[in-house]
Amino acid sequence: MEYKPSRIEQKWQTKWQESNAFEPSDDKTLPKKYILSMFPYPSGRIHMGHVRNYTISDAISRHYRKAGFNVLHPMGWDSFGMPAENAAIKHKLHPKKWTYENIDYMRQELATLGLSFARTREFATSDPLYTKFEQEFIIRMFEEGLLYEKIQSVNWCETCHTVLANEQVIEGCCWRCDNEVELREMPGYYIAITKYAQELLDDLKKLEEGWPKQVLTMQENWIGRSEGLAFTLTLSEASIEKTEGEITSFDVFTTRPDTIYGVSYTALAPEHPIVKLLLDKNLLSEEKIAAIRAMQNMPEVERATSEKEGVDLELHVIHPLTGAEIPVWVANFVLAGYGGGAVMAVPAHDQRDYEFAAKYGLPVKEVIASDKSQLDKEAYTLEGVLVNSGEFDGMKNSKAKREIIKLFELKGIGKKQVNYKLRDWGISRQRYWGAPIPFIHCPSCGLVPEKIENLPVTLPDDVEITGEGNPLDKHPTWKQCSCPRCGGDATRETDTMDTFVQSSWYFLRYCSPNPEDVPFHREDVDYWMSVDQYVGGIEHAILHLLYARFFTKALRDLGYINIDEPFANLLTQGMVLKDGSKMSKSKGNTVDPDKLIEKYGADTARLFILFAAPPQKELEWNDSAVEGAFKFIKRLVDRSGNITVKSLPEIDHQSLSKEEKTARKKVYEALIRSNEIYNTRSFTFNTVIAATMEALNALNQQNNPLVWSEGYYVLLHILEPVIPHICWELSEHYFDLKNFAQIDIPEEVLEEDSIVLAVTINGKKRDEIEVSKETPKEEILEAAKVQCAKWLEGKSIVKEIYVPGKLVNLVVK
RNA sequence: GCCUGGGUGGUGAAAUUGGUAGACACGUCGGAUUCAAAAUCCGAUGGCAGCGAUGCCGUGCCGGUUCGAGUCCGGCCCUAGGUACCA
């Protein structure tokens, strides 16, 4: 049989489509698997990352279908976002037109891969129907106090009169006009994800089985729980006078209360109210004011990498235990949003404080004894015993932490506090192509949500996207409205939502085929959720996956659903690289999936991408390896002529030749390997494919027609998830598709008469011995010694190690 | 800067999780087939030395634990992803 992929692939894609082959059953008594890959942003064309993502989830889906599960494997489009506006700016295309044309094109591209999607559930997040329910959720969150407005700091380009995303700031300048970017404060909407910080942290335990450890660790560190002491520092009399009595104290948080006697200065964030007051009242020299303004203008990312800098604010606070006067500084490394934006600095026992103190000549006071006098070089941050700490001298610092907190609580001057790194989620974007935030500003009623029956609040089509200003704000009439509460003239909110909001609940919408009256049917969600296998890029390890986890919990508490976690199992795939770096248009190192499919067919593309590397790893593109994948399929087709029995044949194993036995063994080993990668969820398809190649090579070493037939029966079953078109073609022809079901493993095939043991001397391999399975340890050791006599000459054996089934190690002197 | 990964032949990788390093492929070389080429098939292929049996070296670098380390521990280098200086 000649292998013509295009004809075969078209045939099966048409058949699958016409029979709606991959739509799940409505029968909710069936065991289910919800297999989900992260939906694509419709950027214009699919790229190799998509091919990889959807091939992986497709292979998993196909496997579970054959194993008897009701499988949901949906697809949709994450269609709001900046690139549509960038295209509008560059090519004067309307974001909507650009987006939906891209979707139509990419849907066709994906279809040529033979992916087994449930088609009735497809949607784009920019569809007004999707926006409608999302706005409903946002309003419900507002009503429950989960959404609020506050002042935020954003990147602002004065030339373009627009807010810039971090990505649009290139070396501190605007991507369009190269003007220097400044920070500007404006109101924005926040979702109170921090209310769920503890649950998000605790529930990571529920994911230990199903999620990569790496991702759990990243999320744990991101949430960043820490326990410590919160207390108030009071300004000295003279300092209070200086601020004209407006400020008398401020709060600090520390995780190291045990070092409190070592405080030699305190540091405030550049955004701290005290700093603002000093600037407003002009209480510092011009030089200092300029330095502070420079700090305030530096975005946080940049502050993180720049050198530590500070300014002496010429104020003092009183040490709560010693009564000593301590100077107050402003420092660029203190974060405004964490622990009150103020820290107590202990240079002797914190490296960052140490460096700052060294730079500005502030005292270093040792309060935890260190062995060497290393404080000349760096801070001592390990455990130890307290010194120079009054009544706490001689106490272990771990105990002192607790005791000092107790003392503060007893005196009523501080308390134990739990802090999280996690911050509330700012969802405001000053852009056009997003879901409008459904609120109205009324001069008399204040902030009022839109009425639910008026949803969705949709985008106006008649806008011009220029990159200057905010299109919704600039629109002549769109924002004019009447207040839903009092009916008076009011203004519509012109901010749209962060696109992470859409990707935080799309998996729920898939559970029902696009209902119009509800976001999803409760009984569908109860049946399909949680997602049994989520597949997507490692780059989403924190933000998307954390927001989706949060949203699930929030919707649960709003009464919409009844689950705690959305994704039971997670597979994070590596990126597709070429010439060592990420494929991207700007680097000109892309490989077009369409061309690949046209030349070799979808099966080859799928086989290559699954064979080239384990899914978790980065995948380096290699043109000639694609050729190799194609050759394997051709060989598979060519050898199929050896099939003579159109079912699973009965074989008398004992009567077979050595080659025939080996061939059968390799075939079933491949099946075992295949079952294993799904059962352990390692999904290392590369090893299964290698095993099927070994099996085909072994089949080729013999010519028993029964062994050939059995081999194909099993191999086509194993390979179907990877190269579905050709497997369906061959299986239909030879086996009536009956091999696409569970296959039992005949035990006798795997049995071995003898085993080969390595003989190592001092851990170095010297020889091998073949022994029967029942040979006792003593005999094996004796045989090893005889066989390796030449290595043992003149030496004495000190130790003999026998690892059953593996090796013998003789330790000699 | 911080958090989390990764580093094994010319290349992609495998290694039953502490037990024979390099399975399976790609590439290269040699051979068969062919008028010739393509396709296909067979064989060799970690490095160095040797005609050879064989020997020595070898999993980013330095050190450690162990009878035995790609795998565990400490330190470093390079690299990728994330990012909000986390007190």
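Predicted model only: the values in this text are computed from it and were never measured. Convention: sequence-line order gives letters A, B, ...; per-chain numbering from 1.
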With distance as the sole criterion, is a donor-acceptor pair present between the side chains of A:Asn809 and A:Thr760 under 3.5 Å?
-> yes

A:Asn697 has its side chain closest, among B:C24, B:C85, B:U4, to B:C24

Go through the steps to decide whether A:Tyr600 and A:Glu627 satisfy the test side-chain contact (heavy atoms from CB on, under 4.5 Å), and finish with yes or no. CA-CA 8 Å; A:Tyr600 297 103; A:Glu627 196 80 42; 2.8 Å; yes

Whether each nucleotide of nucleotides 7-14 of chain B has a protein heavy atom under 4.0 Å at its base (B), only at its sugar-phosphate (S) or at neither (-) is summarised, 5' to 3', as -----BSS

Base orientation of B:U17, chi within 90° of 0 counted as syn, else anti, reads syn

Judged by nearest nucleotide, the residue sitting upstream toward the 5' end of RNA chain B, A:Asp353 or A:Lys213, is A:Lys213

Is A:Val798 touching bases, backbone alone, or none of the nucleic acid, heavy atoms closer than 4.0 Å?
nothing

Per atom distances to the A:Glu694 side chain, the nearest of B:U20, B:C24, B:G81 is B:C24

- Message: With rounding to the closest Å, how many angstrom separate the C1' atoms on B:C29 and B:G19?
- Response: 35 Å

### Message
Could you tell me how far B:C2 sits from B:C57 if I compare only their P atoms? Round to whole Å.
### Response
39 Å

_Stepwise side-chain contact (heavy atoms from CB on, under 4.5 Å) test for A:Leu607 and A:Asp603_ = CA-CA 6 Å; A:Leu607 179 64; A:Asp603 281 341; over 6 Å; no

Per atom distances to the A:Trp222 side chain, the nearest of B:A84, B:A80, B:U20 is B:A84

- prompt: If you measure from the P atom in B:A69 to the same atom in B:A80, how many Å do you get, rounded?
  reply: 32 Å

Counting only side-chain nitrogens and oxygens, does A:Lys764 get under 4.0 Å of the OP1 or OP2 atom of B:G55?
no

Per nearest nucleotide of RNA chain B, the residue lying toward the 5' end, A:Met218 or A:Ile689, is A:Met218

Between A:His540 (side chain) and A:Thr572 (backbone), is there a donor-acceptor pair under 3.5 Å?
no

OP1 or OP2 of B:A87 sitting under 4.0 Å from any side-chain N/O of A:Ser226? yes

* Which part of the nucleic acid, if any, lies within reach of A:Glu800 when heavy atoms closer than 4.0 Å are counted: base, sugar-phosphate only, or nothing? -> nothing

Looking only at B:A87, B:A39, B:U4, the nucleotide nearest the A:Lys634 side chain is B:A39

*asked:* For a quick check of understanding: with a heavy-atom distance under 4.0 Å over all strands, which category does A:Gly224 fall into, base, sugar-phosphate or nothing?
replied: nothing

Less than 4.5 Å apart, side chain to side chain, heavy atoms only: is that true for A:Arg639 and A:Leu699?
no

| When rounded to the nearest Å, what value does the distance between C1' atoms of B:C24 and B:G63 take? | 35 Å

For this session: Is it possible for you to check whether A:Lys308 lies under 6.0 Å from the centre of the six-membered ring of A:Phe356, through NZ or CZ, and within 45° of that ring's axis?
Result: no

Need one value for A:Phe253: base, sugar-phosphate or nothing, where a base atom within 4.0 Å counts as base even if backbone is also close, heavy atoms only. base

Point to revise | Gap in Å between the two P atoms, one belonging to B:G47 and one to B:G9, rounded | key: 12 Å

**OP:** Check whether any side-chain nitrogen or oxygen of A:Lys765 sits under 4.0 Å from OP1 or OP2 of B:U20, and answer yes or no.
**Re:** no

### Message
Considering every strand and a 4.0 Å limit on heavy-atom distances, what is the contact class for A:Ala625: base, sugar-phosphate, or nothing?
### Response
sugar-phosphate

Closest of B:A87, B:U4, B:G55 to the A:Arg766 side chain is B:G55

### Query
Is A:Val811 touching bases, backbone alone, or none of the nucleic acid, heavy atoms closer than 4.0 Å?
sugar-phosphate

With syn meaning chi within 90° of zero and anything else anti, the base of B:G9 is syn

From CD1 of A:Ile761 across to P of B:C56 the rounded distance in Å is 11 Å

**Asked** Is the A:Phe500 ring parallel, tilted or perpendicular to the A:His544 ring (thresholds 30°, 60°)?
**Response** parallel

Practice problem: Determine the Euclidean distance between corresponding P atoms of B:U71 and B:C61; express it in Å to zero decimal places. | Solution: 11 Å

When rounded to whole Å, the CE to P distance for the pair A:Met575 and B:G5 reads 17 Å

Rounding to 0.5 Å, atoms OG1 (A:Thr259) and NZ (A:Lys401) come to a distance of 8.5 Å

In short, A:Asn53 meets A:Met38 closest at the heavy-atom pair OD1-O, 3.7 Å

- Message: Roughly how many Å apart are B:A39 and B:U45, using the P atom of each and rounding to a whole number?
- Response: 24 Å

Close N/O contacts between protein and nucleotides 16-19 of chain B (under 3.5 Å):
from	atom 1	to	atom 2	distance (Å)
B:U16	N3	A:Lys806	NZ	3.0

Task: Donor on one side chain, acceptor on other, A:Tyr3 and A:Thr604, under 3.5 Å - done: no

Discussion item. Applying a 4.0 Å non-hydrogen cut-off, can you work out what A:Ile542 is touching in the nucleic acid: base, sugar-phosphate, or nothing?
Written reply: sugar-phosphate

Output field dot_bracket for RNA chain B (Watson-Crick or G-U, both distances under 3.5 Å, | for other-strand pairs) contains (((((((..(((......[....)))((((((.......))))))((((....))))..(((((..]....))))))))))))....

Test side-chain contact (heavy atoms from CB on, under 4.5 Å) on A:Tyr338 and A:Val343; report intermediate values, then the result. CA-CA 10 Å; A:Tyr338 186 81; A:Val343 298; over 6 Å; no

Salt bridge (Lys or Arg N to Asp or Glu O under 4.0 Å) pairs touching residues 332-345 of chain A, sequence neighbours excluded, are none

Requested in this report: Take A:Val330 and A:Gln296, measure what side-chain contact (heavy atoms from CB on, under 4.5 Å) needs, and give me the verdict at the end.
Outcome: CA-CA 11 Å; A:Val330 57; A:Gln296 290 176 334; over 6 Å; no

Between A:Asp424 and A:Thr194, does a side-chain hydrogen bond (donor to acceptor under 3.5 Å, both in side chains) hold up when you go through it step by step?
-> CA-CA 6 Å; A:Asp424 278 345; A:Thr194 51; 2.6 Å; yes

Of the candidates B:U40, B:A87, B:A25, the side chain of A:Lys631 sits closest to B:U40

Q) Is a side-chain N or O of A:His272 found less than 3.5 angstrom from the main chain of A:Ala342, in a donor-acceptor match? A) no

N/O to N/O distances under 3.5 Å, protein versus nucleotides 42-49 of chain B:
none

Just call it for A:Val215: base, sugar-phosphate, or nothing, with non-hydrogen atoms closer than 4.0 Å on any strand. nothing

Donor-acceptor pair present, A:Arg256 side chain and B:A87 base, under 3.5 Å:
no

Test side chain to side chain contact (heavy atoms under 4.5 Å, CB included), reference A:Phe608, set A:Leu596, A:Val626, A:Thr55, output is A:Val626

Residue pairs passing the salt bridge (Lys or Arg N to Asp or Glu O under 4.0 Å) test with at least one member in residues 674-687 of chain A, sequence neighbours excluded, are A:Arg673-A:Glu676

Side-chain contact check for A:Met693: nearest option of B:A23, B:G82, B:A25 is B:A25

Picking from B:C56, B:C24, B:A87, the nucleotide nearest the side-chain atoms of A:Tyr338 would be B:A87

Checklist line | Separation of the P atoms in B:C26 and B:C41, to the nearest angstrom | finding: 10 Å

